[in-house]
Protein chains: 2
Amino acid sequence: MKIILEDLLEELKKNNIRLSHQRLKVLEFLVLNQCHPTADQIYNGLHKEVPTLSKTTVYNTLNSLTEANLVRVINIEDNETRYDINTFNHGHFKCQQCKEIYDFGIDIDSIYTDDLNGFKTTDKNVYFKGVCPKCSNA
Amino acid sequence: MKIILEDLLEELKKNNIRLSHQRLKVLEFLVLNQCHPTADQIYNGLHKEVPTLSKTTVYNTLNSLTEANLVRVINIEDNETRYDINTFNHGHFKCQQCKEIYDFGIDIDSIYTDDLNGFKTTDKNVYFKGVCPKCSNA
DNA sequence: TTTCTAACTTGTAATGATTACAAACTAATA
DNA sequence: TATTAGTTTGTAATCATTACAAGTTAGAAA
Ligand SMILES: [Mn+2]
Ligand SMILES: [Mn+2]
Ligand SMILES: [Zn+2]
Ligand SMILES: [Zn+2]
């Protein structure tokens, strides 16, 4: 499923979020770098191109976009929050060695449990950890 | 599945972790308070009984126990790490309103994906968010 | 039981990610 | 073009967690 910047802008307008220069750049960065970057990586990645950008703005933007369901927050590790422009149904695998986060297809809605009758579920996350093939073979 | 303190002590010995007074108290607290407490809640909960306990020790202990797979770390929210003495196969649901974390039964190993062929998976987590029945009906 | 020592605990200071805040700036509307 | 609510920015504050070094202890060995 390909993510198109124009569609995202449409969504921003729907959510009454102004299309500021900084926000567009953060969004663009997320579309071009679908490696689940941290706020700090986004800030550093944009710094040359947008030297006036402040880290606070990166955080503010990410929080707005999350609020509007345009980005998904990934909390696999306790010491780093990562962000994903891909909000479709998928799971995340973090390699403990190279630290990379891989996407994997999974139909989270097919997970069945009857312990959650009466619960309103708005958010579902599946996080795996281990060692990726690259690191296993090294 | 009931968790028995004696079994845990056996595990500690196997892992060459000394049975210090502080560690036993932290373990006991986790067995008695299976509400997925934070390090701070553990520290405060034990403070009357063990006034000399330091917060550093609580963190050190939790890290040791995690290393030995005696406790499970829960990172649903980016700003709070919670700890679970129950390491059996189950999922977690966090109510956004009352902040409580509920356990739910789920066979995580039955989740199928062929995107992870060649990956060594050591850790699987399923986190849901939403509103619990208590808060829905209030 | 006594001795010994690596492992553990403790308090304090450091770290680092995220947020609060207030002044300056700007997107979007009329 | 003027207006203004929303946005950005830099700095300071917050808060969870870790680093460190000095004192203490669990557990093994004598
Ligand atoms: Mn992803
Ligand atoms: Mn649990
Ligand atoms: Zn790897
Ligand atoms: Zn609730």
Side-chain angles (χ1 to χ4, degrees), chain A residues 8-29 36-68 70-71 73-83 99 101, chain B residues 8-29 36-68 70-71 73-83 99 101:
Chain A
L8 296 173
L9 301 190
E10 221 26 69
E11 279 300 311
L12 284 182
K13 284 181 191 158
K14 270 192 210 160
N15 284 277
N16 285 315
I17 299 177
R18 285 193 187 167
L19 282 65
S20 72
H21 184 232
Q22 292 84 341
R23 283 217 260 255
L24 298 183
K25 281 298 172 186
V26 169
L27 255 187
E28 185 188 55
F29 186 89
H36 315 96
T38 62
D40 198 63
Q41 288 169 338
I42 297 168
Y43 172 74
N44 285 308
L46 289 174
H47 199 252
K48 301 139 209 161
E49 209 183 339
V50 191
T52 65
L53 183 67
S54 101
K55 201 173 273 188
T56 301
T57 297
V58 174
Y59 279 107
N60 286 342
T61 298
L62 291 170
N63 289 339
S64 301
L65 297 176
T66 303
E67 191 78 21
L70 285 183
V71 308
V73 175
I74 300 174
N75 285 313
I76 301 187
E77 225 67 58
D78 49 348
N79 55 347
E80 61 168 24
T81 302
R82 287 166 168 256
Y83 297 89
K99 312 298 182 196
I101 292 182
Chain B
L8 296 173
L9 301 190
E10 220 29 67
E11 279 300 310
L12 285 182
K13 283 180 191 160
K14 270 191 210 161
N15 284 277
N16 286 314
I17 298 176
R18 286 192 184 168
L19 281 66
S20 72
H21 183 231
Q22 292 85 342
R23 283 217 260 257
L24 298 183
K25 281 299 171 187
V26 169
L27 256 187
E28 185 188 57
F29 186 90
H36 315 96
T38 63
D40 199 64
Q41 288 169 337
I42 297 168
Y43 173 74
N44 285 309
L46 289 173
H47 199 251
K48 299 140 208 159
E49 208 182 342
V50 192
T52 67
L53 183 67
S54 101
K55 202 173 271 190
T56 299
T57 296
V58 174
Y59 279 107
N60 287 342
T61 298
L62 291 169
N63 289 340
S64 300
L65 297 176
T66 303
E67 190 78 21
L70 285 182
V71 309
V73 174
I74 300 174
N75 285 313
I76 300 187
E77 224 68 57
D78 50 346
N79 57 346
E80 63 169 20
T81 302
R82 287 166 168 254
Y83 298 89
K99 310 298 181 196
I101 292 182

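Numbers restart at 1 for each chain; the letters A, B, ... are given by sequence-line order, proteins then strands.
Counting any heavy atom pair closer than 4.0 Å across all strands shown, B:D40 reaches no nucleic acid atom. Within 4.0 Å of A:T52, counting heavy atoms only, lie sugar-phosphate atoms of the nucleic acid but no base atom. Using a 4.0 Å heavy-atom distance criterion, B:N60 is classed as a base contact.
Residue B:R23 places none of its side-chain N or O atoms closer than 4.0 Å to OP1 or OP2 of D:dA26. Contact check, A:Q22 against C:dT26: no side-chain N or O comes under 4.0 Å of OP1 or OP2. Between B:N63 and D:dT18 there is a side-chain polar atom (N or O) within less than 4.0 angstrom of OP1 or OP2. Of the side-chain N and O atoms in B:T81, one or more sit less than 4.0 angstrom from OP1 or OP2 of D:dT17. A close approach under 4.0 Å does not occur between any side-chain nitrogen or oxygen of A:T56 and OP1 or OP2 of D:dG10. Between A:R18 and the phosphate of C:dT26, there is no side-chain N or O to OP1/OP2 separation shorter than 4.0 Å. B:S20 has no side-chain polar atom (N or O) that falls below the 4.0 Å cut-off from OP1 or OP2 of D:dA26. OP1 and OP2 of C:dT19 both lie 4.0 Å or more from every side-chain N or O belonging to A:Y59.
Taking atom CD of residue B:E80 and atom C1' of nucleotide C:dT18, one finds them 15 Å apart after rounding to whole Å. Protein atom CZ of B:R82 is 12 Å distant from nucleotide atom P of D:dT17, rounded to whole Å. Residue A:L9 contributes atom CG, which lies 14 Å from atom P of C:dA27 at whole-angstrom precision. As a whole-Å value, the separation of A:L53 CG from C:dT26 P is 14 Å. The separation between A:N75 atom CG and C:dA17 atom P is 14 Å, rounded to whole Å. Spacing between atom CG of B:N16 and atom P of C:dA7 amounts to 10 Å, rounded to whole angstrom units. Rounded to an integer number of Å, the gap from B:E77 CD to C:dT19 P is 11 Å. Atom CD1 in B:I76 sits roughly 18 Å away from atom C1' in D:dA16 (whole-Å rounding).
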ask   = Could you go step by step and tell me if A:T81 and A:I74 meet the side-chain contact (heavy atoms from CB on, under 4.5 Å) rule?
value = CA-CA 6 Å; A:T81 302; A:I74 300 174; over 6 Å; no
message = Show, in sequence, the C-alpha distance, side-chain angles and deciding distance for B:I101 and B:I76, and conclude whether the side-chain contact (heavy atoms from CB on, under 4.5 Å) test is met.
response = CA-CA 9 Å; B:I101 292 182; B:I76 300 187; 4.1 Å; yes
ask   = Run the side-chain contact (heavy atoms from CB on, under 4.5 Å) check on A:L12 and A:L27 step by step: do they pass?
value = CA-CA 10 Å; A:L12 284 182; A:L27 255 187; 3.7 Å; yes
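In summary, A:R82 and A:E80 engage in a salt bridge, as defined by a charged side-chain N under 4.0 Å from a carboxylate O.
Minimum heavy-atom separation, A:L62 to A:Y83: CD1-CE1, 3.5 Å.
If you check D:dT17, C:dA6, D:dG10 against the side chain of B:K55, the one that comes closest is D:dT17.
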